[in-house]
Amino acid sequence: SQWGEENLQALSIQEGEDVTMNCSYKTYTTVVHWYRQDSGRGPALIILIRSNEREKRSGRLRATLDTSSQSSSLSITAAQCEDTAVYFCATDEEGGRALIFGTGTTVSVSP
Amino acid sequence: NSKVIQTPRYLVKGQGQKAKMRCIPEKGHPVVFWYQQNKNNEFKFLINFQNQEVLQQIDMTEKRFSAECPSNSPCSLEIQSSEAGDSALYLCASSLVANYAEQFFGPGTRLTVL
């Protein structure tokens, strides 16, 4: 997970498996952003989930948001090798102008 | 895919040297952000602009960092006197609006200070 108790920063799985990564945040936010960063590239937004949404899906990706526990999760269903990347959650700082990133979860998918 | 352009992709400087990097935001995006990402994947927000005006910035107490977004020119981030601790990936992002918006990131400038 990211922030809070940093327990899991790297996950290694095989193609076809499902994977879930968690993130907790410390201050109230209206939006949680999930980014992926491939080696040598900048972060790219993959899902944005707002405080009035409990779940959001995009293809094989599913994000959840629990504002009461200030936590969010990102799941990848049937992971593929191209899902190998570092995944970050981010929230908006007070005022919503800058992003506060978690420390990321490295996901490695092998054939 | 993001169309934010950052140059150069790699920058190597000696300690005490100036380091300057540039960013062209996506067309039509008036808001630009600069972040520093260290080798531990920790992000640090540095500064953001709306058009040419600074919206907010961290307390650059070292005063070695300066940034601008002039009209009709690339935005830039400059480190006046580089230190080894400045070695990082410097990311530029742009967005349509300043608040609670998706930010589109460039590939970054990898600065190494020897």
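Below, chains carry the letters A, B, ... as their sequence lines are ordered, and counting in each starts from 1. Atoms considered below: every heavy atom in the structure, side chains included; atoms not considered: hydrogens, waters and symmetry mates.
B:L55 touches chain A through backbone and side chain together, each having a heavy atom under 4.5 Å away. If you measure heavy-atom distances from B:N48 to chain A, the contacts under 4.5 Å come from the side chain alone. Residue B:Q37 touches chain A through its side chain alone, counting heavy-atom pairs closer than 4.5 Å. For chain A, no part of B:F104 is nearby; none of its heavy atoms comes within less than 4.5 Å.
Hydrophobic clustering (side-chain heavy atoms under 4.5 Å, transitive across Ile, Leu, Val, Met, Phe, Trp, Tyr) groups B:L77 together with B:I58. Under the 4.5 Å side-chain heavy-atom criterion for ILVMFWY residues, a single connected hydrophobic cluster contains both B:I79 and B:W34. Linking ILVMFWY residues whenever their side-chain heavy atoms come closer than 4.5 Å, directly or via other members, places A:I46 and A:L65 in the same cluster. Transitive grouping of hydrophobic side chains (ILVMFWY, heavy atoms separated by less than 4.5 Å) brings B:F33 and B:V54 into a common cluster. A continuous path of hydrophobic side-chain contacts links A:V19 to A:I49 [ILVMFWY only; heavy atoms under 4.5 Å].
Within the 4.5 Å cutoff, the side chain of A:T103 has heavy atoms near those of the B:E42 side chain. Put simply, the side chain of B:L89 reaches to within 4.5 Å of the side chain of A:Q37, judged on heavy atoms.
Judged by distance alone, with hydrogens and angles left aside, the side-chain atoms of B:Y35 form a donor-acceptor pair with the main-chain N or O of A:L99 at under 3.5 Å.
The aromatic rings of B:F43 and A:F101 sit parallel, their planes meeting at an angle under 30°, below the 60° perpendicular limit.
The environment of CZ in A:R41 is sparse: at most 12 heavy-atom neighbours from other residues, nucleotides or ligands sit within 6.0 Å. Sparse packing is recorded around CD of B:E53, with 12 or fewer heavy atoms of other residues, nucleotides or ligands lying under 6.0 Å away. Applying the 6.0 Å contact sphere to CZ of A:R54 captures no more than 12 heavy atoms from other residues, nucleotides or ligands.
To the nearest 0.5 Å, atom CG of residue B:N41 and atom OG1 of residue A:T106 are 6.5 Å apart.
Looking only at heavy-atom pairs under 4.5 Å with chain B, the residue among A:V31, A:L45, A:V86, A:T30 that has the most is A:L45.
Closest approach of B:L91 and A:G42 over heavy atoms only: CD2-CA, 3.9 Å.
Contact residues of residues 105-114 of chain B toward chain A are B:F105, B:G106, B:P107 (heavy-atom distance under 4.5 Å).
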